[in-house]
Amino acid sequence: DDTLNFSVIGTINLASALPVLSSNITINGPGSNFVTVRRNSGGNYRILQTSGTISIVGLTITNGRTPDAVTEDIAPSGGGILQTGGSLTLRDVVITGNTTGNGGSMRLGSPTFGGFGGFGGGIYASGTLTMTDCVISNNTTGHGGNGLTFGGSGGRGAGIYFAPGTLTLTNVTISGNRTGDSGGPNSGNSGYGGGMWAGGDFFPNQATTVNLNKVTVTDNSTGNSLDTGDAGGGGGIYVYQGTMTLTDTTVSNNHTGNANTSSFSGTAGSGGGIFNNATLTVINSLISGNTTGDSAAGSNSTGGG
């Protein structure tokens, strides 16, 4: 096992991508207000990628950006952090201002469909992720790619995209995150899950368990549909699969994107606060002030709360 202790404060400007953390590593920073690690030069890359047993304390992670897709189905995911398995524990970590790349020109091997923007602007994770006293803010996912006939979808889970595994958040703020807009020319959807997405649509029948305790999910949004498609649902949270429990948690002032109101089709995203497609338990929590966007016909979509 290795331990890295920071004895400096300030900003660490990266000139290239860091190595993958694949063993057992503890990183101790002096506090998220004192040390910032950011992408500065050397092209587009995420800040951290982990697959081992990793513990990180007291850092800010910012300005990560995965590359745009060339022809791939989905642009590279995890703008700030990509966890591909193992165990990741974060305490007093701020993940802010990271983004994923835009979708490419092909989907499922066909140029008829545009690709998806990358998932998980702040963090894309699977395995066991535990976060305490953290902030996930102002992260974005990439826009959908342009196909010959149909546009791709914007990236999902702007703050957090998680599946499969176990996610536990305690005293965490998820705020100001936004998913990408749709691609064109027709029927592209914007990204789902402005604050977070739980349960992998590409991981069918794999268990995902999410527990939120004393979490604030606020001022997140999904992108707009720029043509005839639908805007993404779940301005605050999108629960696609598995189970989620909210305890002493606030979901407030989140918003889903608009459809293209100048077209004759397209629906704004449903579930301004939460879009639930699985098993959701809400205990002693507040869902307040969430709204849905405008559909092509001029009316709001369903499920403001």
Side-chain angles (χ1 to χ4, degrees), residues 14 16-22 25 27 37-39 42-56 59-70 72-90 93-104 115-131 134-144 153-167 169 172 174 177-180 191-203 206 208 210 220 238 240:
L14 301 178
S16 62
L18 295 170
V20 177
L21 305 180
S22 57
I25 298 175
I27 299 175
V37 182
R38 69 186 298 273
R39 177 186 63 91
N44 293 325
Y45 49 88
R46 66 180 61 88
I47 306 301
L48 291 174
Q49 180 173 342
T50 75
S51 61
T53 300
I54 311 297
S55 176
I56 302 174
L59 295 176
T60 289
I61 293 171
T62 189
N63 203 41
R65 190 194 192 283
T66 62
D68 294 338
V70 180
E72 295 94 335
D73 285 351
I74 304 174
S77 296
I81 298 176
L82 174 66
Q83 178 196 3
T84 59
S87 174
L88 176 60
T89 301
L90 305 177
V93 172
V94 174
I95 303 173
T96 186
N98 303 282
T99 189
T100 58
N102 299 315
F116 288 23
F119 297 175
I123 181 169
Y124 180 109
S126 60
T128 300
L129 173 60
T130 304
M131 303 178 66
C134 293
V135 175
I136 311 293
S137 66
N138 302 318
N139 302 286
T140 58
T141 56
H143 302 309
S153 295
R156 299 171 181 173
I160 302 172
Y161 182 102
F162 183 82
T166 301
L167 170 64
L169 306 182
V172 171
I174 302 172
N177 304 284
R178 185 184 188 275
T179 61
Y192 294 75
M196 67 181 301
W197 169 291
D201 47 346
F202 298 110
F203 301 96
Q206 295 193 40
T208 298
V210 179
N220 303 284
Y238 194 106
Y240 179 79

If I compare all heavy atoms of [X] with all of [Y], which pair ends up nearest, and what's the gap?
X: S16; Y: Y45; value: N-OH, 3.3 Å
X: A163; Y: G200; value: CB-N, 2.8 Å
X: G121; Y: T141; value: N-CG2, 3.5 Å
X: N102; Y: H143; value: OD1-N, 2.7 Å
X: A75; Y: G101; value: CB-O, 3.4 Å
X: N220; Y: G194; value: CB-C, 3.9 Å

Notebook entry, point to check: Backbone N or O of S55 within a donor-acceptor pair of the T89 side chain at under 3.5 Å?
Noted result: no
Check: Quick one: does R46's side chain have a donor or acceptor within less than 3.5 Å of a partner on L18's backbone?
Finding: no
Distance, nearest 0.5 Å, that separates [atom1] of [X] from [atom2] of [Y]:
X: N98; Y: N139; atom1: CG; atom2: CG; result: 5.0 Å
X: Q49; Y: L21; atom1: CD; atom2: CG; result: 9.0 Å
X: I47; Y: L59; atom1: CD1; atom2: CG; result: 11.0 Å
X: R38; Y: T96; atom1: CZ; atom2: OG1; result: 11.5 Å
X: I174; Y: C134; atom1: CD1; atom2: SG; result: 10.0 Å
X: Y238; Y: Y192; atom1: OH; atom2: OH; result: 6.0 Å

Next item on the list: Please test Y240 against W197 for ring pair (Phe, Tyr, Trp, His ring centres under 6.0 Å), starting from the C-alpha separation and ending with a verdict.
Entry: CA-CA 7 Å; Y240 179 79; W197 169 291; 5.4 Å; yes
Any side-chain heavy-atom pair of [X] and [Y] under 4.5 Å:
X: I136; Y: M131; result: yes
X: L88; Y: I56; result: yes
X: P76; Y: T100; result: no
X: I95; Y: V135; result: no
X: I61; Y: I81; result: yes
X: R39; Y: T62; result: no

Notebook entry, point to check: Under the salt bridge (charged side-chain N to carboxylate O under 4.0 Å, His left out) test, which residues partner R178, sequence neighbours left out?
Noted result: D181
Next item on the list: Give the intermediate values and the outcome of side-chain contact (heavy atoms from CB on, under 4.5 Å) for residues V37 and L14.
Entry: CA-CA 7 Å; V37 182; L14 301 178; 4.0 Å; yes
Item checked: side-chain contact (heavy atoms from CB on, under 4.5 Å) evaluation trace for L129 with Q83 -> CA-CA 9 Å; L129 173 60; Q83 178 196 3; 3.6 Å; yes
Item checked: Polar contact flag, side-chain donor to acceptor under 3.5 angstrom, T99-T140 -> yes
Check: Should T208 and F162 be marked as a side-chain contact (heavy atoms from CB on, under 4.5 Å) after you check the CA-CA gap, both sets of side-chain angles, and the distance that decides it?
Finding: CA-CA 8 Å; T208 298; F162 183 82; 3.9 Å; yes
Next item on the list: Check step by step if side-chain contact (heavy atoms from CB on, under 4.5 Å) holds for T66 and L82.
Entry: CA-CA 10 Å; T66 62; L82 174 66; over 6 Å; no
